[in-house]
*Asks:* 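My structure is below; once you've seen it, I'll send some questions.
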Amino acid sequence: MARTSGWNTTAAIVTGAACALAGAALAGYLLSGRRPKKRTKIIEMMDELQKENVHIRDPERVEKLLCQLIQDGKSKLQIITDFDMTLSRFSINGKRCATCHNVLENSSLVPESKKQILDELRDTYYPIEINAKMTIEEKIPFMMEWWTKAQSAIVACNFRREDLTRAVRESNAMLRDGCDWQFHTLHEHSVPMLIFSAGIGDILEEIIKQHSQMYANMRVVSNYMDFNHDGMLVGFKGDLVHTYNKNEGALRNSDYFTTLKERRNIILMGDSMGDLRMADGVPNMQHILKIGFLNDNIEERLEKYKEAYDIVLVSDDTMDVPNAIMKKIL
Ligand code: C5P
Ligand code: MG
């Protein structure tokens with residue numbers, strides 16, 4: 001009695017909790033007749049990877065990759081990521097969040113006649129984009145059509161540069177939970193981040209500014225709008241980036257990758273099979289960890305995603321898994 005009376009309440013609670021855990025482990029041991037499995041691997045020790053929505057086809061490979069990325073550290077690391085539905089959120093309370101294009105399409109500045117055209121385009125082409133049976137080659141002509149027709153309709157809406165801020169503010173486009181921490185932390189540790197998007201560059205930058213911050217370590221490759229001297233939208237600049245030609249865009253940006261040639265380890269994040277080609281221009285790549293967000297048409301696509309991505313996150317509106325991995329490396 002004399003010994004226990006000296007304990008403070010916190011210690012008692014902590015010890016009580018530890019005892020409860022030990023008790024539960026003992027009960028498990030007695031019931032199963034087996035010793036509780038000791039977690040020795042990184043992928044076993046990371047709680048974020050134990051969740052049911054996390055799919056890893058080849059745990060040995062992921063374990064090895066994580067060990068290598070951690071061992072090489074932040075000076076060898078760069079991040080290459082998609083934007084729409086990867087950095088940005090797919091849904092909130094069961095409702096789809098806006099892509100960059102949707103921000104403009106749903107804006108109150110777009111006349112009804114144009115809205116109808118843009119809605120019809122989405123209803124026609126989005127099912128093709130996520131179709132699990134078609135090959136990328138079969139999809140490409142349809143994607144070209146979608147992007148070209150949508151861009152023409154958007155240009156015909158007479159948007160002005162200053163309208164973008166309002167359109168983003170009025171939309172439900174938002175970043176995945178944990179993006180703000182990720183952006184801030186990568187910047188703090190000087191790890192470069194390439195955002196490679198088939199969305200609209202001006203809109204994605206505005207979404208990031210309104211919900212987090214654009215940092216100096218971020219570089220964006222996307223479809224940028226072309227405004228005339230009066231600030232009126234007159235077209236889009238440069239080569240078109242759609243979901244399935246990111247490999248070509250990656251090669252066009254080989255200068256960027258060359259400046260980062262010492263950073264041979266990559267964490268790639270995407271939500272489409274097209275995103276897997278975003279690192280095509282990286283010279284001397286050593287290790288690449290591919291993290292895929294599977295948001296839609298899940299049952300049909302899960303097997304293919306597991307083949308292609310090292311880690312697949314199903315219906316996960318957070319950055320918990322990538323952030324936990326980055327924390328270990330930084
Ligand atoms: O950033 P990311 O490469 O993901 O951007 C492309 C996304 O934009 C596609 O997943 C596509 O569904 C969407 N999109 C859209 N409306 C268009 C064209 C593309 O919502 N007119
Ligand atoms: Mg995407």
Side-chain angles (χ1 to χ4, degrees), residues 80-91 96-107 110 114-131 136 139-140 142-157 159 167-168 171-176 179 193-208 218-225 236 239-250 253 268-279 290-297 301 305 308-309 312-313 316-317 319 322:
I80 302 179
T81 180
D82 169 55
F83 181 76
D84 281 308
M85 310 300 127
T86 296
L87 292 183
S88 76
R89 226 181 134 113
F90 182 75
S91 64
R96 285 286 308 262
C97 293
T99 62
C100 293
H101 284 85
N102 301 156
V103 165
L104 294 181
E105 291 165 4
N106 300 337
S107 148
V110 173
K114 290 282 178 304
K115 251 188 195 142
Q116 204 178 327
I117 295 173
L118 290 159
D119 285 352
E120 279 168 16
L121 287 174
R122 191 175 338 115
D123 293 345
T124 307
Y125 294 106
Y126 178 65
I128 298 176
E129 184 192 0
I130 62 163
N131 186 307
I136 287 184
K139 292 179 184 192
I140 284 175
F142 294 105
M143 296 301 105
M144 288 295 291
E145 266 177 37
W146 185 14
W147 261 254
T148 314
K149 288 180 184 170
Q151 286 189 349
S152 307
I154 287 169
V155 171
C157 292
F159 276 108
V168 170
S171 79
N172 71 347
M174 58 187 84
L175 298 172
R176 255 173 224 283
C179 273
M193 177 182 229
L194 176 68
I195 301 173
F196 199 158
S197 172
I200 300 171
D202 314 69
I203 301 287
L204 81 81
E205 287 196 23
E206 188 59 34
I207 296 171
I208 293 178
M218 290 172 165
R219 151 104 172 228
V220 180
V221 173
S222 187
N223 302 302
Y224 274 89
M225 297 171 125
F236 282 82
D239 298 295
L240 180 87
V241 185
H242 61 71
T243 322
Y244 295 111
N245 71 353
K246 290 192 178 179
N247 52 326
E248 293 165 18
N253 282 279
L268 178 146
M269 299 187 287
D271 76 300
S272 144
M273 296 298 274
D275 296 329
L276 291 155
R277 305 289 302 271
M278 294 187 298
K290 297 173 189 157
I291 304 176
F293 289 92
L294 180 51
N295 306 305
D296 205 1
N297 210 9
R301 295 196 294 170
Y305 270 58
Y309 282 99
V312 180
L313 306 171
D316 186 341
D317 277 316
M319 272 291 168

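Just so you know, ligand 1 is whichever comes first in the structure, and atom 1 is the first atom listed for that ligand.
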*Asks:* Does any N or O atom in Phe196 lie less than 3.5 angstrom from one in ligand 1, N or O only?
*Replies:* no
*Asks:* Check each heavy atom of Thr99 against ligand 1 and say whether those closer than 4.0 Å belong to the side chain, the backbone, both or neither.
*Replies:* side chain
*Asks:* For Arg122, is at least one N or O under 3.5 Å away from an N or O on ligand 1?
*Replies:* no
*Asks:* Have a look at Asp271 and tell me which of Thr86, Leu313, Leu87 forms a side chain to side chain contact (heavy atoms under 4.5 Å, CB included) with it.
*Replies:* Thr86
*Asks:* Which atoms of ligand 1 sit under 4.0 Å from any heavy atom of Glu105?
*Replies:* 16 (N), 21 (N)
*Asks:* Relative to ligand 1, is His242 under 4.0 angstrom through side chain, backbone, both or neither, heavy atoms considered?
*Replies:* neither
*Asks:* Of Val241, Val220, Asp275, Leu268, which is the lone residue that meets side chain to side chain contact (heavy atoms under 4.5 Å, CB included) with Phe196?
*Replies:* Val241
*Asks:* Ligand 1 versus Ala150, non-hydrogen atoms closer than 4.0 Å: side chain, backbone, both, neither?
*Replies:* side chain
*Asks:* Could you pull out all residues at least two apart from Asp119 that satisfy side chain to side chain contact (heavy atoms under 4.5 Å, CB included)?
*Replies:* Arg122
*Asks:* Does Lys246 reach ligand 1 with a nitrogen or oxygen that is under 3.5 Å from one of the ligand's nitrogen or oxygen atoms?
*Replies:* yes
*Asks:* What is the total of protein N/O/S atoms that are closer to the Mg ion (ligand 2) than 2.8 Å?
*Replies:* 3
*Asks:* Is Asp82 in polar range of ligand 1, meaning some N or O pair under 3.5 Å apart?
*Replies:* yes
*Asks:* So is there a nitrogen or oxygen of Trp146 less than 3.5 Å from a nitrogen or oxygen in ligand 1?
*Replies:* yes
